[in-house]
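So the structure is just underneath, and the comments pick up after that.
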2 protein chains.
Amino acid sequence: MKTRPYHHGDLRAALLVLAEDTLRERGPAELSLRELAREAGVSPAAPSRHFKTKQALLDALAIEGFDRLITVLAGALEQTGATFAERLSVLTRTYVAFATGNPALLELMFSRKHEPSAPAELIASTHRLMIMATGLLEDGQRRGEVRAGPMIPLAVPLAAVLQGMTDLALSGGFTPDQVELGLTETITFILRGYAP
Amino acid sequence: MKTRPYHHGDLRAALLVLAEDTLRERGPAELSLRELAREAGVSPAAPSRHFKTKQALLDALAIEGFDRLITVLAGALEQTGATFAERLSVLTRTYVAFATGNPALLELMFSRKHEPSAPAELIASTHRLMIMATGLLEDGQRRGEVRAGPMIPLAVPLAAVLQGMTDLALSGGFTPDQVELGLTETITFILRGYAP
DNA sequence: TAACAATGTAGGCAACGCTCACAATGTGTT
DNA sequence: AACACATTGTGAGCGTTGCCTACATTGTTA
């Protein structure tokens, strides 16, 4: 008779996978460390070895989400043309697609990053995202497709539109069809807004 | 010796006020019905007479928030000029000001409205907000300041920008100063985007 | 192989949301 | 004025949770 080994093997990874499942299906509020432990077939106190608090687990999940998002965005940008119009369109659509594909994850990623207690790595992740956006704009300026001006204020509208589009896609009063329609409109909207 | 009366008087209202205080100071996750009961000087089970579940209390708080927001926006629009540029600017600034003034409330208002279990009144509130936005745009179209086109896709960018700006103001990687700078930029950005 | 770090278990504490039976208070009817 | 009834609060308790501490087991390394 095979008995379960004393050590799990890779509890940390297993917890993250299980956590994302229940996060996707039932939201972050329903996530319980004890329940995760049960599903992983481990004692209630075991998860604390890997995540000191529940918040630490959520933070880890959010960081993982940022990594995936950034990878997806970078990959999409690599396979597209050089014009600002194209790159902006791809970035926006990819971003929104990721958001609709991982709604709970995205909500988690952005819901807590403002807390002072947020780990440095989480804050760094949002900066990486911001750098992608400003990089795109600077490139557009060099190509003459984006009007001149200091970067920070110029980046705000783009960040706002991206953030806002995901909110609408996830939780706004719009259907997915309406979002898709609005997305095209929004992209031309942004392009007009940034045109010199 | 004056003894506390058996009935509170207006427990429901008192709970809402207390709830908003702790919401503002410690966020929705830290809100505890039992603690509210303690602060109101009432037994732990008493709040359930007015809010069957904790979620019901949060919903009530969100609805109240929408009412206040809509009132503030309508008031601001009444005291401004008739041009689309002016009205849009006032709407955006007022919206963002409300958001920065009531960050936790706003987060609550928009964090849960997508749940299928959201009460009808909450959903209706978001529609009222949307109607204000589309009304502004239709007015702009009539004045020739907004390009023609069907309303729904046209409204998406505006809704996205408003929503996104509040996110940035509350939780984004921007300081309040940067948001203020970016706000001006964003308004001209929107105007360019909507121009015929 | 012996010390040590890492990882799991067992048990328990305080707090929470929620429910139920019951008590006190207000309201409307006769 | 007295009664019935709905409203609103109480008291006790159930099951669950996050987290803590002490201890057991396993893996690693000197």
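Below, each value reflects all heavy atoms present in this structure, side chains not excepted, and no hydrogens, waters or symmetry copies. A note on names: the letters A, B, ... follow the listed sequences, proteins ahead of strands, and every chain is numbered from 1.
With rounding to whole Å, B/Leu11 atom CG is found 18 Å from C/dA24 atom P. Counting to the nearest Å, the P atom of D/dT8 and the NZ atom of B/Lys52 are 14 Å from each other. Put simply, CG on A/Leu36 is 12 Å from C1' on D/dG18, counting in whole angstrom units. Atom CZ of A/Arg49 is separated from atom P of D/dA24 by 14 Å (rounded to the nearest Å). The distance from atom CZ of B/Phe51 to atom C1' of D/dT8 is 14 Å, rounded to the nearest whole Å. In this entry the distance linking CG of A/Leu15 with C1' of C/dT7 reads 12 Å, nearest Å.
Partners of A/Leu191 by side chain to side chain contact (heavy atoms under 4.5 Å, CB included), not counting sequence neighbours, listed by chain and number: A/Phe84, A/Ala85, A/Leu88, A/Ile187.
Note on ring orientation: taking the six-membered ring where Trp is involved, the planes of B/Tyr95 and B/Phe110 are tilted (angle from 30° to 60°).
Between the side chains of A/Thr22 and A/Glu25, no donor N or O sits under 3.5 Å from an acceptor N or O.
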Q. For nucleotides 12-17 of chain D, read 5' to 3', which letter fits each nucleotide if B means a protein heavy atom sits under 4.0 Å from the base, S means only the sugar-phosphate is that close, and - means neither?
A. -B---B
Q | Worked verdict on A/Arg142 versus A/Asp139 for salt bridge (charged side-chain N to carboxylate O under 4.0 Å, His left out) | A | CA-CA 5 Å; A/Arg142 266 180 246 114; A/Asp139 198 49; 3.1 Å; yes
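In this structure, B/Glu121 places its CD atom where only 12 or fewer heavy-atom neighbours from other residues, nucleotides or ligands lie under 6.0 Å away.
Distance from the side chain of B/Ser48 is smallest for C/dT19 among the nucleotides D/dC23, C/dT19, D/dT10.
Checking the phosphate oxygens (OP1, OP2) of C/dG8, a side-chain nitrogen or oxygen of A/His50 falls inside 4.0 Å.
Evaluation of the side chain to side chain donor-acceptor pair (under 3.5 Å) test over residues 185-196 of chain B, restricted to residues two or more places apart or in two chains, returns A/Arg147-B/Glu185.
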